[in-house]
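This one's a predicted model, so the numbers in the text were calculated from it and none came from an experiment.
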Amino acid sequence: VRDGRIRDGAMQPSPFSAVIAGVPFQGAVSLDLRGTEPGGVHEMIIRAAERPLLELVMARAEGNQSRAAAWLGINRNTLHRKLREHGLLE
């Protein structure tokens, strides 16, 4: 791919941005396979992006889980579980 994201079978850092509830979210995803076949890539990408996204949305929602869950399009119980998994509950 010419945009520099995929070279020699490995994914290079690729900045991305989105707007979540009016707040810009920026990050980078890097995947260095070092010549091996990919495995569990989906889970790895989700884990890399999920915590910062949850932190951002919860801050914007001022801790209101119902509002944050609605913005994310997930059930409040699912959000609560994810917050617990990432150690983001007080």
- prompt: Measuring from Leu53:CG to Trp71:CH2, what's the distance to the nearest 0.5 Å?
  reply: 12.0 Å

- prompt: Is Glu85 paired with Arg47 through a side-chain N to carboxylate O contact shorter than 4.0 Å?
  reply: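 Answer for the salt bridge query: yes.
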
query: Which atom pair, heavy atoms only, marks the closest approach of Asn75 to Asn77?
result: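 Closest approach of Asn75 to Asn77, heavy atoms only: OD1-N, 2.6 Å.
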
So, do [X] and [Y] sit near enough that their side-chain heavy atoms are less than 4.5 Å apart?
| X | Y | answer |
| --- | --- | --- |
| Leu54 | Leu79 | yes |
| Met58 | Leu88 | no |
| Arg67 | Val57 | no |

task: Is it possible for you to say whether Ile74 and Leu83 belong to one hydrophobic cluster, with membership spreading through side-chain heavy-atom contacts below 4.5 Å?
output: yes

task: Determine, step by step, whether Gln65 and Leu89 satisfy the side chain to side chain contact (heavy atoms under 4.5 Å, CB included) criterion, reporting the C-alpha distance in whole Å, the side-chain angles of both residues, the deciding distance to 0.1 Å, and the verdict.
output: CA-CA 11 Å; Gln65 291 183 26; Leu89 291 178; 3.6 Å; yes

- request: Would you confirm whether Arg76, through its side chain, and Ala69, through its main-chain N or O, come within 3.5 Å as a donor-acceptor pair?
  value: no

